[in-house]
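Below: the structure, in structure tokens.
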Amino acid sequence: MVRNSNFPEDTRNYLINRIFPKFISIISVPVLLRLINPTFWGEVALLVGMQSLIVGLISQGKSASMERYFSKMTRAFARKYALRYLNISISIFIAIFVLIEIGFNFNYFNFFDLPYGLPLRFALIGSLLIAHNRFLISILRSNQQSIKVLKYNQLLSISTPVTQVVFVYFIISISDYQDRMIVSAYFFAQVLILLLNNFSLLFFIRNKINFENLERNQSLKKISSYSNYTYLFIIFSSLINWSDRYFIKIYSSQIDVGLYDAVYRVLDILGVIVGTFMVAISPILFSREKNDNKYFLNIKQQIEITFLLALAGVFISPIAIELLLPEAYFSQIKIVPILLLGLAFASSASVVTTIFDVNERKDLNLKGIVVGTVVNIILNIILIPDLGTLGAAYAMLFSGFIWFLSNLFFTKKFNFDLRGLIMTIVIVCLIVFGHFVLWKFTFIYDLIGIVFFLIVSYRAYFVFKNIISFNS
């Protein structure tokens with residue numbers, strides 16, 4: 001576990017580790033969107049969604065368990081555990097690859113309506129490499145190697161989009177903007193960089209990581225249960241985050257998938273919501289032997305900053321979208337308030353799961369997200385046919401809200417409540433809905449939006465300072 005003396009440095013490194021890729025995306029995504037038309041970007045989004053699900057299937061929940069238990073393993077046991085994971089993950093990948101090959105060749109998967117070919121195959125290979133990359137990174141995190149995690153993450157964050165832009169531009173230069181090889185180039189670049197990064201990570205771990213010379217203790221018996229619940233949680237998490245793209249494709253068009261996904265990514269960049277603080281703070285939270293008032297206060301502060309960042313994003317996103325994205329995507333500005341509020345509730349639900357993780361109650365994690373995912377899928381089926389991408393945003397809002405409430409219900413077992421924060425959430429919701437109904441996209445309204453953005457950001461800054469001073 002992270003020692004008190006090391007915590008501020010680890011916090012800074014893990015915060016940068018999460019924030020840095022977002023800032024790189026601010027540059028790379030707009031560039032890619034100018035090279036890849038909305039139809040092809042829709043295909044990219046669908047394949048990335050597929051990757052998310054397959055990464056979950058391949059990972060088996062082992063990344064989370066390795067991060068938590070690796071430091072308690074002997075070298076012999078760690079090697080045996082890692083090799084077993086590697087063998088099973090490759091077996092799962094081969095089974096999925098063969099299944100998809102057979103399914104598409106015999107037209108069993110027509111309902112996905114995905115063009116089959118090199119892009120899909122490269123995306124599948126990328127899934128395996130992403131799963132292995134996360135597994136290796138979890139070993140570094142378990143061994144307090146935050147600076148190495150930061151180094152490899154920065155390398156991956158810069159080299160992947162740069163290589164993708166270069167490869168996509170190369171295809172365009174020898175063909176045109178309508179060549180589907182553009183999508184192949186996007187995923188081939190991803191595979192190439194992941195392969196190099198994974199080999200580098202593996203070399204470092206094999207030569208530099210030290211093992212505790214301890215016998216396995218009883219806590220290691222919990223690895224299997226912890227991994228299994230994490231496994232299922234990741235699967236449902238990928239569904240609630242990506243299923244909307246597939247329903248948009250089914251009930252609307254691949255172009256709308258591309259338009260929706262591009263705006264979704266920009267909102268995710270602007271929010272830099274929650275995952276940053278969860279990853280940075282989680283090591284010290286896991287070392288807590290009991291739930292105290294200071295610990296719960298930090299959870300509340302993470303929820304508060306999530307809603308504040310979402311509110312700031314509501315005011316600045318229309319301006320940012322017009323500055324960053326091509327004109328074809330401006331039609332999706334209408335979904336920004338609803339989608340951002342939905343992401344705030346979903347992200348806050350994720351924050352609450354930290355309480356379950358600390359108390360080793362992954363079963364409660366799973367119960368909450370299953371409820372949210374089922375609601376999300378049902379609402380996507382009901383709302384998207386009539387409302388299109390706005391229906392997907394509403395589905396995210398209501399399912400995120402239900403997921404959040406479900407997790408709050410389960411936290412009663414640990415005496416957690418939202419006293420002192422409910423009014424903030426209510427006010428944010430009212431402002432967001434008011435913005436959605438009354439806002440006009442004019443110069444004056446944009447100026448007012450900038451002022452509100454600065455005010456909300458100022459408040460979020462002080463909450464941020466309280467969060468990162470948690471250990472003091």
Looking at side-chain heavy atoms only, is the closest gap between [X] and [Y] below 4.5 Å?
X	Y	result
Ser127	Ile130	no
Leu366	Phe236	yes
Ile92	Ile96	yes
Ile321	Gln332	no
Leu53	Trp242	no
Ile425	Glu304	no

If every non-hydrogen atom of [X] is compared with every non-hydrogen atom of [Y], which pair is closest and at what distance?
X	Y	answer
Leu46	Tyr246	O-OH, 2.5 Å
Ser350	Trp403	OG-CH2, 3.5 Å
Ala346	Met396	CB-SD, 4.4 Å
Ser331	Leu259	OG-CD1, 4.3 Å
Val336	Ser317	CG1-CB, 3.6 Å
Phe307	Val428	O-CG1, 3.9 Å

Measure the spacing between [atom1] of [X] and [atom2] of [Y] and express it to the nearest 0.5 Å.
X	Y	atom1	atom2	result
Ser348	Ile303	OG	CD1	5.5 Å
Lys300	Thr424	NZ	OG1	11.0 Å
Ile58	Ile88	CD1	CD1	12.5 Å
Asn376	Phe247	CG	CZ	8.0 Å
Leu129	Ile193	CG	CD1	11.5 Å
Phe452	Ile316	CZ	CD1	13.0 Å

Under a 4.0 Å threshold between the charged nitrogen and the carboxylate oxygen, would Asp244 count as salt-bridged to Lys249? no
Under the 3.5 angstrom rule, does the side chain of [X] hit a backbone N or O of [Y] as a donor-acceptor pair?
X	Y	answer
Thr354	Val351	yes
Ser457	Phe453	yes
Ser237	Ile234	no
Thr353	Phe356	no
Thr373	Val370	no
Ser238	Ile235	yes
Asn407	Ala349	yes
Gln51	Ala123	yes
Asn133	Leu194	no
Ser347	Ala344	no

No-hydrogen, no-angle side-chain donor-acceptor test under 3.5 Å, Ser52 and Asn241: no
Angle class for the Phe404/Phe345 ring planes (parallel below 30°, perpendicular above 60°, tilted otherwise)? tilted
Would you call the rings of Phe97 and Phe93 parallel, tilted or perpendicular, taking 30° and 60° as the class edges? tilted
Please report whether the ring centroid of Phe462 lies less than 6.0 Å from that of Tyr458. yes
Does Tyr329 have more than 12 heavy atoms from other residues, nucleotides or ligands lying within 6.0 Å of its OH? yes
Could you go through the ring-ring contact (aromatic ring centres under 6.0 Å, His included) check for Phe122 and Tyr186 one step at a time? CA-CA 9 Å; Phe122 285 139; Tyr186 180 93; over 10 Å; no
Report yes or no: is the cationic atom of Arg245 (NZ for Lys, CZ for Arg) under 6.0 Å from the centre of the six-membered ring of Tyr264, at an angle within 45° of the ring normal? yes
